[in-house]
Amino acid sequence: MKSDNVKKGMQQAPHRSLFNALGFTEEEMEKPLVGVVSSYNEIVPGHMNLDKIVNAVKMGVAEAGGVPVVIPAIAVCDGIAMGHIGMKYSLVTRDLIADSTESLAIAHQFDALVMVPNCDKNVPGLLMAAARVNVPTVFVSGGPMLAGRVKGHKTSLSSMFEAVGACAAGKMTEEDVKEFEHKACPTCGSCSGMYTANSMNCLTEVLGMGLRGNGTIPAVYSERIKLAKHAGMAVMEMYRKNIRPRDIMTKDAIMNALTVDMALGCSTNSMLHLPAIAHEVGFDFDIKFANPISEKTPNLCHLAPAGPTYMEDLNEAGGVYAVMKELDGLGLINRDCMTVTGKTVGENIKDAKNLDPEVIRPVSNPYSKTGGLAVLSGNLAPDGSVVKRSAVVDEMLVHEGPARVFDCEDDAIVAIKGGKINPGDVVVIRYEGPKGGPGMREMLNPTSAIAGMGLGSSVALITDGRFSGASRGASIGHVSPEAAVGGPIALVEEGDIISIDIPKLSLNLKVSDEELEKRKKAWTPREPKVTTGYLKRYASMVTSGNRGAILEVPKGVN
Ligand SMILES: CC(C)(O)[C@@H](O)C(=O)O
Ligand SMILES: [Mg+2]
């Protein structure tokens with residue numbers, strides 16, 4: 001046992017004295033030491049139930065012969081961090097979570113781990129840690145929130161944010177907004193649409209790191225407690241069979257995740273996190289892989305914000321396995337990948353059934369023949385940019401319009417809310433990238449304001465920052481290289497014509513090469529927006545959006 005390093009032999013007598021201090025019995029000292037990584041806290045609604053999940057995991061581990069020990073992971077609520085300086089501290093926690101979990105797990109020589117994440121950065125951060133530590137590991141998330149109900153319709157956080165835009169445009173009263181406020185988020189859990197947290201929890205299931213239902217069983221269902229118990233038992237099985245994360249998260253498994261991402265209509269943030277997870281297992285994931293996959297993968301689900309169905313509906317319809325089974329019918333799934341069930345993907349999905357063809361469209365009748373995401377390139381984004389095309393209205397798939405340039409999100413919000421943006425405009429928000437932000441802010445406020453004010457079918461938005469899974473419309477993010485390093489987005493001037501062609505996968509600035517060259521020569525880097533603390537260190541190490549904003553030691557530093 002790995003934990004023998006801290007439990008066996010004369011040298012380890014002091015260590016044993018400390019396990020005694022923890023209340024370990026002689027019998028427990030002989031058993032595998034299982035770290036249960038708890039992302040519980042009382043500020044994230046998606047995490048406030050994780051104490052219950054963790055308790056259930058502990059019961060499962062103990063029943064199957066292990067000794068569960070809880071260790072913590074931090075978590076940010078993107079909804080509460082939205083639209084202010086706090087959002088600079090969201091993506092950056094993914095790497096803190098990966099680093100701190102790697103540190104705790106190796107420092108204490110755990111034999112196995114159960115990861116209990118739920119919201120946006122905990123899922124990828126812990127998947128990254130799982131790959132690094134590479135002891136047998138199973139994931140069980142906290143589960144999605146139930147949809148809210150307003151005036152007889154299901155609703156969620158995306159409508160809540162859009163209600164604010166609608167109120168600014170005089171299309172909704174303050175009383176109506178208040179009603180949303182009280183009803184949009186009725187339970188604990190990760191917000192109820194196919195937003196980032198749920199996207200990543202579903203993809204964890206596809207990757208083979210979570211049991212069936214990990215992505216979809218609602219947070220408040222007793223079924224989720226059972227799932228957590230089973231996750232605790234499963235990790236002991238993984239331990240006995242010595243099946244490790246890097247046996248599961250292979251290149252093929254990651255490509256399966258990318259494929260299912262397209263069918264589910266996952267958050268654009270998946271295009272930051274899949275490359276980062278791939279990097280940890282030594283697979284160089286280029287975001288442009290998404291295009292050929294998207295080309296052959298039908299979009300089968302229109303959960304919020306793309307449509308009026310929610311995670312609870314996907315769960316009832318058969319969940320992630322049912323979607324995989326549909327895609328398997330087209331030969332799009334690699335069935336041989338190993339999973340934490342101890343079985344292959346093919347064996348897992350063999351009996352899965354699509355129980356609601358409106359929530360999970362059959363492959364014969366998809367929402368669209370191509371997948372949810374597209375990566376656009378061109379002279380404005382030589383290294384790529386990302387759009388959730390399944391949430392773009394038809395009129396905006398091809399669009400040309402004058403640039404309205406803002407050097408931060410806050411200025412753009414003032415202009416949008418102040419009625420300064422006209423139909424046809426292309427709003428450019430720059431110096432919000434991984435380095436420039438720093439922290440690549442997620443911008444649900446401007447996308448929701450555009451949608452809520454009724455400009456969704458005439459205004460586009462491009463940025464070197466990123467979006468929420470709840471964002472919809474012609475919102476093109478992760479534009480790389482970013483403005484802070486002199487990417488072409490830094491050279492855009494007010495009124496320049498920007499041309500977007502999503503079917504042709506292009507994003508171009510209609511300015512001559514000579515003129516761009518001239519502007520490039522005149523460009524000088526901006527003073528950093530943050531000069532102290534973690535964000536400063538982060539900005540010095542972070543790579544670009546198209547590389548998943550992974551951290552790298554700068555060239556020339558050993
Ligand atoms: C607040 C949200 C909806 O969770 C957002 O952060 C996302 O990325 O989906
Ligand atoms: Mg988010």
Side-chain angles (χ1 to χ4, degrees), residues 39 43-48 74-84 86-95 97 117-125 141-148 155-165 180-181 184-203 215 219 261 264-274 276 303-306 310-311 372-373 386-388 390-391 409 432 434 437 439-449 451-452 463 465-473 475 477-478 545 548-549:
S39 312
I43 187 63
V44 183
H47 289 224
M48 61 185 276
I74 61 163
V76 162
C77 173
D78 274 15
I80 297 175
M82 194 69 68
H84 54 90
M87 185 48 82
K88 293 183 193 234
Y89 285 90
S90 165
L91 177 61
V92 304
T93 62
R94 181 190 71 187
D95 302 84
I97 292 162
N118 207 30
C119 286
D120 298 15
K121 308 309 170 301
N122 291 69
V123 186
S141 73
M145 187 183 281
L146 292 179
T155 190
S156 67
L157 199 68
S158 41
S159 314
M160 179 71 248
F161 272 86
E162 288 178 20
V164 177
F180 265 91
E181 203 174 303
C185 299
T187 71
C188 63
S190 41
C191 296
S192 54
M194 189 49 83
Y195 310 144
T196 308
N198 295 326
S199 297
M200 293 311 297
N201 284 318
C202 287
L203 297 186
D261 185 330
L264 285 173
C266 288
S267 162
T268 46
N269 284 308
S270 63
M271 295 306 282
L272 283 175
H273 303 321
L274 286 178
L303 272 70
Y310 298 85
M311 294 306 291
L373 297 178
V386 180
V387 62
K388 192 187 225 186
S390 57
E409 180 193 8
E432 287 285 4
M440 203 180 184
R441 278 199 281 188
E442 167 173 305
M443 301 186 218
L444 182 54
N445 283 352
T447 60
S448 302
T463 180
R466 61 191 181 91
F467 299 116
S468 161
S471 294
R472 61 188 175 116
S475 309
H478 311 200

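FYI, side chains are in, hydrogens and waters are out, and symmetry mates aren't considered; it's all heavy atoms of this structure. We count ligands from 1, going down the list as the structure has it; atoms in each ligand are counted the same way. Note that the structure is a prediction, hence the values are computed from the model and not measured.
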Any Glu442 side-chain heavy atom under 4.5 Å of Met82 side chain: yes

Shortest-distance N, O or S atom of Glu442 relative to the Mg ion (ligand 2): OE1

Distance from atom 8 (O) of ligand 1 to nearest protein heavy atom, with residue and atom: Thr196 OG1, 2.4 Å

Closest approach of Pro144 to Asn198 (non-hydrogen atoms, all atoms of both residues): CB-OD1, 3.6 Å

Atom name of the N, O or S atom in Asp120 that lies nearest to the Mg ion (ligand 2): OD2

Atom indices of ligand 1 within 4.0 angstrom of Ser468 heavy atoms, with elements: 2 (C), 3 (C), 5 (C), 7 (C), 8 (O), 9 (O)

Ligand-side contact atoms (ligand 1) for residue partner Leu157, heavy atom cut-off under 4.0 Å: 1 (C), 3 (C)

Per atom 4 (O) of ligand 1, closest listed option by heavy atom (Ile80, Asn269, Asp120): Asp120

Backbone or side-chain N or O of Gly469 under 3.5 Å from ligand 1 N or O: yes

For Cys266 against Met194, the heavy-atom pair lying closest together: CA-CG, 4.0 Å

Atom 6 (O) of ligand 1: nearest protein contact (heavy atom, Å): Glu442 OE2, 2.3 Å

Salt-bridge present (Asp78, Lys121; N to O < 4.0 Å): yes

Atom of Asp78 closest to the Mg ion (ligand 2), considering N, O or S atoms: OD2

For Gly79, the ligand 1 atoms whose distance to one of its heavy atoms is below 4.0 Å: 1 (C)

Flag for Thr155-Ser159: side-chain donor and acceptor within less than 3.5 Å: yes

Donor-acceptor contact below 3.5 Å, side chain Asn122 vs main chain Asn118: no

Ligand 1 to Tyr195 polar contact by distance, N or O atoms, under 3.5 Å: no

Nearest heavy atoms of Gly189 and Ala219, plus distance in Å: CA-CB, 3.7 Å

Pair Ser199, Ser267: side-chain N/O donor-acceptor within cut-off below 3.5 Å: no

